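Structure record follows, encoded as structure tokens.
By convention in this document, chain letters (A, B, ...) are assigned in the order of the sequence lines, proteins followed by strands, and residues within each chain are numbered from 1. Remember, predicted model here, so these are calculated numbers, not experimental data.
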Amino acid sequence: MKTNLKVMGFALSAAFVLSACGGAAAPAATAVPAKPAATAVPAATAVPAATAVPAAPKPTDVPKPAATAVPAVEAIKFYSSHPLQGASKGSSDGINNGYKLAIEQLTKDGLVCDGKFKITLELLDDSTAAKGAWDAATEQGNATKAAADKDAMVYFGTLNSGAAKVAIPILNQVGMPMISAANTAVGLTKANEPGEPEKYYPTGKRTYMRVVPADDFQGVVNANWLKGLGVKSVYVVDDTELYGKGVADVMEKQAKAIGIEVKGRQSVTGKDMQGQANSIAVKVNGTKPEAVYYGGITAANGPLLLVELRKAGFKGIFMGPDGVQENEFITAAGKTADGKFVAEGIYATIGSVALADLPASGKKFLTDYSAKFGIAADKIEVYSKYGYASMQVALAAISKVCKKDRAAILEAMMATKDLDSVVGKLTLDKNGDTTSTSMTGYVVDAKGVWVETPIKQAP
Amino acid sequence: MLELKNVHTYYGNIHALKGISLVVNKGEVVTLIGSSGAGKTTPLRTIQGILRPREGSILLEGEELTKLPPHEIVKRGVSQSPEGRLIFARMSVKENLEMGAYQRNDKPGIAEDMEKVFKLFPRLKERIGQRGGTLSGGEQQMLSMGRALMARPRVMLLDEPSMGLAPILVDQIFDIIRELHSEGVTILLVEQNARLALSVADRGYVLETGEMALSGPAKDLLHDPSVKAAYLGESH
Amino acid sequence: MDKSLAPSTAMPSFRRVGKILLPIAIIYLVLLFGQPAGLEPGRLIREILGNPTILVQQLISGLANAAIVTIIAIGYTMVYGIVEMVNFAHSSVFMLGTMVALLFMVGLSGGVRTPLWLAILAFIPAMLFCGGLNAVIERFAYRSLRKQPKIVSMIAALGMDFILQNVGLQLGSFVKLPNAFPDNQSIQWLAVLGNQAASPKAFPQVLDSVNILEPIFGPDVPLRIVPAEVMVIITAIILVFALTWFIGNTRAGKAMRAVAQNPAAAAMMGIDVDRIINLTYAIGGALAGGAAVMYGLYKGNTSWDVGFVNGLYSFTAAVVGGIGNIKGAALGALMIGVISSLSNQLLTSSDWSKALVFVILVLVLVFKPTGILGSEGGEKA
Amino acid sequence: MLKKILNRGEIIAVALTAFLALIMGGWQIMLVAVLAGILIGLAAPHTKNAVPRAAAVGLGIGLVIVAITSFHNTTLNTLPGQEVIPPESSTLGTYLIALGLCVGFATLTAFIHNLHDDRKRQIAFIAMLGVLAFAFPFFEQCPGLKWDNFNFGDMSAGCSVKSNILWIGPVIVMFIYGLQAMGLNIVAGYAGLLDLGYVAFFAIGAYTMGLLNSQQLGNQIGSPNLFVWGFWLVIWFAAAAAAFAGLLFGAPTLRLRGDYLAIVTLGFGEIVPIVVKRLDAVKIFEPISLFIAQIMGKTGDAAAQASVCLVGCFGNALDITSGTKGISPINAPQLGDVYTFKVGEFVPWYFVALILLVVSAFFIFRLRASRIGRAWVSIREDELAANAMGIDLVKTKLTAFIIGAMFSGFAGAFYASFTSFISPDAFDFSISVIILAMVILGGSGNITGVLLGASIIMLIDRVLLDRLKVIINGVLQGVVFRDVASGPLSVFVNSLTDATAYKIAIFGLILVVMMKVRPQGILPEQTAARRRPQ
């Protein structure tokens, strides 16, 4: 019993000493907004020092001496929600890096409106370890968390259009603006399926924006381009996912409309591609198409299809949407035994201005990004710049209204017009869609690099 | 040769062997009898290292076996024809016998012993290529004993060789045990059929609910009134 | 339907009619509701008659896939045969094997064309690594759980699977090293790991994609066989025969069979059961390593999740063939490979091929509960 | 030394709660304190002075927790990337309340645990847990509670700070999984049937709710509200559909031996999401006329026109399940005209889920004690003997399969309405396995254990790993690799030290370690059975 008391006594005294320290440490940290130690760690968190800044005192609170000594800096919180585990990790990291870079470059340590607001970004994960992919309940939790946080002003995300379907209605109810760098499903903003898009906006007011063009446009351009290349027959393969299947559907419809014979349609999941790309390639090649269109993304093992098609003796055109226009696609397809790039000569489009037409800021973005995150400039994840651009939209809106008010910020964001973004002049229409319809065509050259090429439309 | 000193063995929390001691001398056939459920198989499993005694020690020619894993114990010369025979059903008779000699490396010796086994059990030679699982009960028992002999054991443990066999086969098996005895093989025999067991053994032990109730020369036990009453089915 | 209406004693002819009508009704319903999956006999017949050579071509690709699946399946079946445990981590061991083989081939060839001998040599590190890894996992994760219900070690295996997958995923971040030091030529080959953790990573193609039938039958030959296909099939045959010989004729192989049939008796024979089980894991792992090299050379690609689908098919193959049986694994793999190739050809989505494989699995097990070549485990309860 | 003062259970309680306090911090000290109190009470030895002893130990542990939390708030929380803790959370008042909670719950639990009357003890336990479960959402939503300004009518009035670390969402998901784990426990725990495709029933339940309580089907035929039947009705249909699927899957396969059954069920688990995924453009024709048309050489639309069309043809293929796009929004429950549940307002959902869970637990408990429950267990223990006793094996197994499926159907229906969105990839193989892991980890065959397993795994997956990740990142990047974090290696080091990337591995490691440490489960069935006669 004696030792027992001793232990307790020790713990008790330790507790009081520590809690006393706690009282002392918090105000000390507020006096120095940006601690050098914290800012020396750039990658993981956007503005780490902000953790030490408490919320502004409210009238009911007993005023604390240390807190009143500094000018009131109000906290504004941004949340981002992307799957940080599993197959989508690469794309999500790219987007998150874009956000971080934008905050770092466009604000002074996160301060905007002459130091009136301090912006922090919290990166949420909408995937779970058990599943290794995005999860509806987790996305719902993330959105609710942001909705409940009075400091939260803008919600960045999501990567998956399905996750957006979960998040938009929740955020819509609290009028919080949400902006995505990657959702391309048409129905999120425009009429597509019955009930879309109204069913996602219970209040009837639009709260969702995106800086990437939706799928409906790209598929049409792809089909037209094939026609322009003189193709008379095409085989369409999709990866069964929302994005890939959606764009392939649009492309197939347009191809039929402009008189390209569709030799067939095959849906192959990324996982099945790993097991059976060879037999898919035999089937596709067996119909002797002049071109193969792959609606899907690199991570769904599109490169495997290309490799197997070439192995099966297919010599025609291979084309895909922006999910294919990644350097990853070229590296993953590899080289043939005699050292040529397998991906040489494949076509892809991307819904943004051409690299050559990128504004100076866009080119600077690529070099800065490369320097900061250690990724070669020509290998930067495709969505990174959209991440940066969406952060630009939000920051511009906040700087304009200088109010900690979701409705005002939303209004300013929706009114984005001719913003000089890293993806060119950016204007959002009443649906929250980017008006940019510039599509750039790319082809892989002999050095294994995507080079721009004019999109030849059929006469 | 083989000596158990005050061995206590547990199945989980059940106290199965409550301190038994037992000695088998070289060239002897010693039998352990008892009613079913008396825990007759447990000593054999303990000797072989499949069960671990919590207390007590097991010595083979003075060498401690208690802490050794089963394969080391086999290497030191203890082999067993287990209860239920445990034939490798999907292996041929020959392969089963080869498995008996698993711990040995002398090929000529193994071949020699196999010939011996075939001499002892001519039936096995006829069935040499047949799968173990397709043999009859008696043949399986022969195979099991042959397999144990293939280890060229210093002590052979025989568990219930008569179980489930027709009387004529039982007699055959016990004839073979006698033959082995005459060849000088040391055997510890566990048997339900006490009369038969005591008839081939030099000495016997009686196990009752995990404890040694009696021990002595087989002939004496055969005439012991309590043994007679309890195990030999003679009520007078 | 009619059958239940008919009284059991009267009108036997009514019953007979029911016996005929019931299957017809079932077939009709299957054809009715099978349409979304592409189950349209008319179309299928016409397609098959229209282009029979493509079916032969699909047979070849099915065979090549089956070769890889067989080798992975043997790993499952051996482990299952000896400890009756589904080793969920096996597929991830295979996945890491592909990574090791990839790094070995590219690392040693230094960025230039990988020679064939180096690719063949890659079997050694991949098999050693996977075998060793599997043995280590068995020793530290599963061994103490063997006396528990099988499901406990299955969950542990699942946990291992998560860990290994994460390791595979994390390998992708090593690509940041060459990006950070663009001048350091000695680490540039790490770029083979791709730009993103999760993206597919290319294997060097060491064999030309030429039709080996062309020199013999001329350029108009309707079939096409590439050297890589011949390579995987021959390698698989060699590995299966080597393994069969090992198990049938070596001392360790016999001990493995003995432990699989009856661990208690095996222990009494002086077999160190723990060691033999460990050895089984090691051999299963080594085979996964071999399959990994085959996979890399044939498919030309790998990624962190390559284990899942191959593992699933392999395990299914092992069960269809009769688990615990090496010939069964090969037969099951062959069935699955050919069926999925053909159904890829005839149906509209790989999803349906997968569904078909599982439907066949269910049918096989319903009519032959132990798999095609399986037998009841004798004395083993 | 520690071993002399504390017993094994208490040491575990200290270690566990100290760890939680270390990674949680802030207002969450309250949750940790309550948990610590309950654990101490349960670990108290059955002696005369158990209650005062528990109080004393509770005080000691409470102090440890307070000390660690204050360490967290002052030191760990200054590392990069930590949560902003509401300032009220680190005051002395908070610490004192936490201390009080810890001592109070330790005393109360020890008292209840030492009640001699079995019935009283059970009722007291249930009452305590009930009060806790009822109070949880209110306090959880409002960590910076002002005690002097508190009234029940308007919760937000007493809240000076709203929680932004929401536990309630994960807890509702935990209830959903708990429900499923209980259902699987009937199949795997009671009847001993290994089911690796349990997610199939979850999917069927969810899609029944999705189809019959949203505009998905109605939109296809032009009257959107035709198939909006309301949550309270459809949840029964969902359970019935899942149960029917259980019958359909089980009848032909249940005579298979354990592991073969496992692989067959795995097959079902794979097939159901595939079918759901592909039913987005359904055209069905009368097969005989279609066959004739196709044999005649007509393909595609020509064949379609030549044959008899049954469902949505001539270009309007019927979109039944919306394929990969998923169904959304799915309607929320309504309480008459008074109240409609809203997505993201968790408290009402919480109570529905809680009621669903408690009622199911009660039913399953009664089932286990009934004749059929004994039959299940006898089959698990010895199939031959059970058969010899006159138990119809297939029928009994089938009942287990059907009833287990039914509970998964309930869970799926609730899940669909709760998230308002379902798509085929929500029903992955991994979910079947995770639920199985919950059953095994908690203690297969024991309802309490299974629920405990579900809560542990779900909390690890949804809450703890996230917190752990933040702390590990902070320590690695703020302390360990502080100097390496600049220069060319920084990017590489940062990506290696990013604990998010290791969440899956940490999860796996926890599974392996738990299986090794306690393979029979945390609360094995035997213990429960042995305790009952006392």
Under 4.5 Å between any side-chain heavy atoms of C:Ile45 and D:Phe291, yes or no?
yes

Can you tell me which portion of C:Gln148 sits under 4.5 Å from chain D's heavy atoms? Options are side chain, backbone, both or neither.
side chain

Best-contacting candidate, C:Ile323, C:Val359, C:Ile151, C:Leu361, against chain D by heavy atom pairs under 4.5 angstrom:
C:Ile151

If you tally heavy-atom pairs under 4.5 Å against chain C, which of D:Leu511, D:Leu194, D:Ile274 wins?
D:Ile274

Shorter than 4.5 Å, heavy atoms on both sides: which option in C:Val357, C:Leu158, C:Leu169 has the most such pairs with chain D?
C:Leu158

Name the member of C:Leu44, C:Val362, C:Leu365 that forms the most heavy-atom pairs with chain D at distances under 4.5 Å.
C:Leu365

Measuring only between side-chain heavy atoms, which start at C-beta, is C:Met154 closer than 4.5 Å to D:Ile440?
no

When rounded to the nearest 0.5 Å, the distance separating CZ of C:Phe358 from CZ of D:Phe268 is 11.0 Å

Let me know if D:Ile320 has heavy atoms under 4.5 Å from chain C in its side chain, its backbone, both or neither.
neither

Heavy atoms of D:Met515 and C:Leu145 approach each other most closely as O-CD2, 3.3 Å

Please examine the side chains of C:Leu32 and D:Ile284, heavy atoms only from C-beta on, and report whether any two atoms are closer than 4.5 Å.
yes

Can you tell if the side chain of C:Pro36 reaches within under 4.5 Å of the side chain of D:Lys283, non-hydrogen atoms only?
no

Measure the shortest side-chain to side-chain distance between D:Pro287 and C:Tyr28 over non-hydrogen atoms and say whether it is less than 4.5 angstrom.
yes

Most contacts with chain D, counted as non-hydrogen pairs under 4.5 angstrom, among C:Ser153, C:Gly34, C:Ala157, C:Ala156:
C:Ala156

Is the closest side-chain heavy-atom distance between D:Leu290 and C:Leu31 below 4.5 Å?
no

For a 4.5 angstrom cut-off between non-hydrogen side-chain atoms, does D:Arg255 reach C:Val366?
yes

